[in-house]
J.: 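Quick one: this structure, given as structure tokens, is what I'll be asking you about.
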Number of protein chains: 2
Amino acid sequence: MSEPRWLDATQQRDWRAYVDGSVRLTEVMDRDLKTRHGLSVSEYEILVRLSEAPERRLRMAELADNASQSRSRLSHTCSRLESKGLVSRGSCPGDKRGVYAHLTDAGFDALDRASRDHVETVRAFLVDIIDPADLEAVGRVFTAVMKRIDAG
Amino acid sequence: MSEPRWLDATQQRDWRAYVDGSVRLTEVMDRDLKTRHGLSVSEYEILVRLSEAPERRLRMAELADNASQSRSRLSHTCSRLESKGLVSRGSCPGDKRGVYAHLTDAGFDALDRASRDHVETVRAFLVDIIDPADLEAVGRVFTAVMKRIDAG
DNA sequence: GAGCATAAATTGAAGATTCAACTAATCTTC
DNA sequence: GAAGATTAGTTGAATCTTCAATTTATGCTC
């Protein structure tokens, strides 16, 4: 095993800032959504993806990929969302194994309300306090990260 | 309630890339640390902070702040790390309420081994695949985010 | 220094996530 | 078209996190 290629001081500083900052930012978003709308960030993400899908529905597997969640986690979370009446599940015509998750009208309304507050939080704690060019850099960085991860 | 100030297309794209990419990146880091060293990212972070503290020890509250974890979560996680022999807890001379978490020699060794692999992962999935200037932008962004959060 | 508010840390229960096992349906290929 | 392999999705148990309550000690104020 060769000597590892440690990060230099600048890289270390920036990586650390990201690690700490992103944890805290998620925490802020989570608390905000939870106290004001009773939704966790991951539940919110599920509603968002469904709301953007054709007919407001997606197959479970597709939704899982889309929302960066495991199948199992999505199953559990969807059960909760279903019992809140925000999502409903139905069978899939073509494939009898398949299940569609569908955003209900109540789910759409809940998302509508939540997103109005959420965008203000995203602005207040990120978008509005940084240089727009830096936000674009963040976008480039994490697009590259996802591409790299998908490449395996 | 006035009309919310929605993100424009570019902001939306970049924010989304961050949300998705950071979740997946954390997942990669977590899986890597867990399969190769039996540590979660948050356990790893605790060991890192302790290793850098004077005498390799910190008060619980200080460690919690440092590692961006709640007191309660830190208590539980430290119990686990303690049972693995990586951390030990001792009382605090000046303040009888206080508790010091101390990195054991075994903990230091485990961290040493883990960090050698971890840095390669950080490089492979982030640092080495992006423009260095963009990494600096990420650093600036999340430094600003933390400052904003600390401001309340 | 007694009484009351605050702070440090832990605890146990409730809630969420991961992991491995499982069911059921589809695809493959011989 | 039957056998075996793969895919979709769920389930329950184990693990981890959050939340509220508790314990113990300190600080403050009169």
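In what follows, chains carry the letters A, B, and so on, assigned in the order in which the sequence lines appear, proteins first and then strands, with residues in each chain numbered from 1. Computed over heavy atoms, backbone and side chain alike; hydrogens, waters and symmetry mates excluded.
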J.: When you check every protein heavy atom under 4.0 Å of nucleotides 10-21 of chain C, what one-letter string (B, S, -) results, 5' to 3'?
T.: BBB---SBBB--
J.: So do the side chains of B/Met29 and B/Val122 get within less than 4.5 Å of each other, counting heavy atoms only?
T.: yes
J.: Atom CZ of A/Arg97 to atom P of C/dA25: distance rounded to whole Å?
T.: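 Spelled out: CZ on A/Arg97 to P on C/dA25 is 10 Å.
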J.: Tell me the interatomic distance from B/Asp30, atom CG, to D/dT17, atom C1', rounded to whole angstroms.
T.: 13 Å
J.: Give the cluster check for B/Ile130 versus A/Val19: same hydrophobic cluster or not, with ILVMFWY residues linked at side-chain heavy-atom distances below 4.5 Å.
T.: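 Cluster IDs for B/Ile130 and A/Val19 match.
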J.: Quick one: sort the A/Phe142 and B/Tyr18 rings into parallel, tilted or perpendicular, breaks at 30° and 60°.
T.: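 A/Phe142 vs B/Tyr18 ring planes: perpendicular.
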J.: Please report the distance, rounded to the nearest Å, between CD in A/Glu62 and C1' in D/dT7.
T.: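 To the nearest whole Å, that distance equals 14 Å.
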J.: Counting only side-chain N and O atoms of A/Arg59, is one of them less than 4.0 Å from OP1 or OP2 of D/dG9?
T.: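 Indeed, a polar side-chain atom of A/Arg59 lies that close.
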J.: How close or far is atom P of C/dA9 from atom CG of B/Leu63, stated in whole angstroms?
T.: 10 Å
J.: Can you tell me how far C1' of D/dT15 sits from CG of B/Leu81, to the nearest Å?
T.: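 Nearest whole value for this atom pair: 14 Å.
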J.: Could A/Arg89 and A/Tyr100 be counted as a cation-pi pair, given that NZ or CZ must be under 6.0 Å from the ring centre and within 45° of the axis?
T.: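 No, cation not above the ring by the 6.0 Å, 45° rule.
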J.: Ignoring hydrogens and angles, tell me if any N or O in the side chain of A/Ser68 forms a donor-acceptor pair with the backbone of A/Ala64 under 3.5 Å.
T.: no
J.: Give none if C/dC30 has no partner; otherwise give the nucleotide forming a Watson-Crick or G-U wobble pair with it, both distances under 3.5 Å.
T.: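 Pairing partner: D/dG1.
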J.: Is it true that atom CG of A/Asp105 has more than 12 heavy atoms of other residues, nucleotides or ligands lying nearer than 6.0 Å?
T.: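 Result for CG/A/Asp105: open.
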